[in-house]
2 protein chains.
Amino acid sequence: MTDLLANRDAWLMTNCSIARTLDVVGNRSTLLLLREASLGTRRFDDFAARVGISEPVAAARLKQLVADGLLERRPYQEPGQRTRDEYVLTDKGAQLVPVLVALRQWGDTWAADPAGPAVWLAHHDCGAEVHAVLRCAAGHDVDPDGLDVRPGPGLIRTNAE
Amino acid sequence: MTDLLANRDAWLMTNCSIARTLDVVGNRSTLLLLREASLGTRRFDDFAARVGISEPVAAARLKQLVADGLLERRPYQEPGQRTRDEYVLTDKGAQLVPVLVALRQWGDTWAADPAGPAVWLAHHDCGAEVHAVLRCAAGHDVDPDGLDVRPGPGLIRTNAE
DNA sequence: CACCTGACTTTGCTTTCTCTAAGTCAGCCG
DNA sequence: CGGCTGACTTAGAGAAAGCAAAGTCAGGTG
């Protein structure tokens, strides 16, 4: 990260996309519920139990996730069972999977049990391990310190020079 | 995400790397402080002001981030100024940048101001826009729904069959 | 048609987070 | 050597998030 830092005082980050994303998924239980949804959990009780949160919290978070459009609630029926509702990831929710993968790989590296991580992610088509990586539009791999911050159209500047 | 779902009830996710990561950075202010650190902010007051949190909170979170090894606190001196401490990302902290990039790009897509995002990230070497993408060890690009979950060495199974 | 189960909701309480306002402390500046 | 500034800390209070325990409700089973 280089350059433009001198002007950062003149910027108001009221339109920061990270902050806006965190307004939606910025707490532990929400992200863990999305983890479960991405792993295929669909039923209310399973969400609560697997995430390790109480039912009232699970109900509130799931409701919010549906309201935000990350999960869709839809009826389903197992053979011989009555109809129920299940929660499934929408496309909008699925696009948070890279966040989950990046969180997982940081934990694998820096916070895993000595025995190793509990699970790992394989590419469905070829079986190789999957990682979140940074890549530029020109196709280069990018290091975390190889990023430049550039002002975008939604940037609000203060009236300071 | 396919397969192995039938057995998920038999797994205890006590060693989930996502949960462990969220134990460290699982709240809004911590992630926003890391955003600032990754953008080059170094001084206490700037962190508090740019993230939009109060000084007591900034002090507590920064202290924790140093304790967790994501930031390093070290003395520095600007010419004609007295010595001070600055906070800079460690390697451990920098490895969370993909998480921040992934959060940013989700916000750019789903929660940006109509005018567009406030900033965008360019590859320092070539200027092209940078994204977080999923890629497998064999070099394939992976879709969010092209992931398989596989049990790892640290997985704890219950004694249920 | 009484019962059971899955899926929540309600209640009451505790913990955590965050804020404002004020206080502290250490160095260079004059 | 007194004041100013940057960098925090302390104190007090309100809001938000979480938990446990109990209650509700609807549909399928017997």
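In the text below, chain A, chain B and the rest are named by the order of the sequence lines, each starting its count at 1. Hydrogens, waters and symmetry mates are skipped; everything else that's a heavy atom, side chains included, is used. This one's a predicted model, so the numbers in the text were calculated from it and none came from an experiment.
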Determine the contact category for A/Phe47: base if any of its heavy atoms lies under 4.0 Å from a base atom, sugar-phosphate if only primed atoms, P, OP1 or OP2 are that close, otherwise nothing. nothing
Of the listed nucleotides ([options]), which one gets closest to any side-chain atom of [X]?
| X | options | value |
| --- | --- | --- |
| A/Val57 | D/dC8, D/dG18, D/dA22 | D/dG18 |
| A/Pro56 | D/dA21, C/dA7, C/dT20 | D/dA21 |
| A/Arg43 | D/dC8, C/dG6, D/dG6 | C/dG6 |
| A/Asp45 | C/dG6, D/dC8, D/dG18 | C/dG6 |
| B/Ile53 | C/dC19, D/dA7, C/dC8 | C/dC19 |
| B/Phe44 | D/dC8, D/dC19, D/dG18 | D/dC8 |
| B/Arg73 | C/dT9, C/dA7, D/dC8 | D/dC8 |
| A/Ser54 | C/dA22, C/dT20, D/dA20 | D/dA20 |

Rounded to whole Å, please give me the gap between [atom1] in [X] and [atom2] in [N].
| X | N | atom1 | atom2 | answer |
| --- | --- | --- | --- | --- |
| A/Leu22 | C/dT18 | CG | P | 12 Å |
| A/Gln64 | D/dG18 | CD | P | 12 Å |
| B/Asn27 | D/dA16 | CG | C1' | 13 Å |
| B/Glu55 | C/dG23 | CD | P | 15 Å |
| B/Asp85 | C/dC25 | CG | P | 18 Å |
| A/Asp46 | C/dT5 | CG | C1' | 14 Å |
| A/Leu62 | C/dC8 | CG | C1' | 11 Å |
| A/Leu33 | C/dA7 | CG | P | 14 Å |

Side chain proximity check, A/Val130 to B/Asp148, heavy atoms < 4.5 angstrom: no
Quick one: is [N] close enough that its OP1 or OP2 comes under 4.0 Å of any side-chain N or O from [X]?
| X | N | answer |
| --- | --- | --- |
| B/Ser29 | C/dT18 | yes |
| B/Arg28 | C/dC17 | no |
| B/Lys63 | D/dC8 | no |

Positive for side chain to side chain contact (heavy atoms under 4.5 Å, CB included) with A/Leu70, one of A/Thr30, A/Val24, A/Asp91: A/Val24
Indicate whether the side chain of A/Asn27 and that of B/Arg28 have a donor and an acceptor atom separated by less than 3.5 Å. no
Taking atom types as modelled, is there a side-chain donor on A/Asp46 or A/Thr41 under 3.5 Å from an acceptor on the other? no
Which value, rounded to the nearest 0.5 Å, describes the distance between B/His123 atom NE2 and A/Asp143 atom CG? 7.5 Å
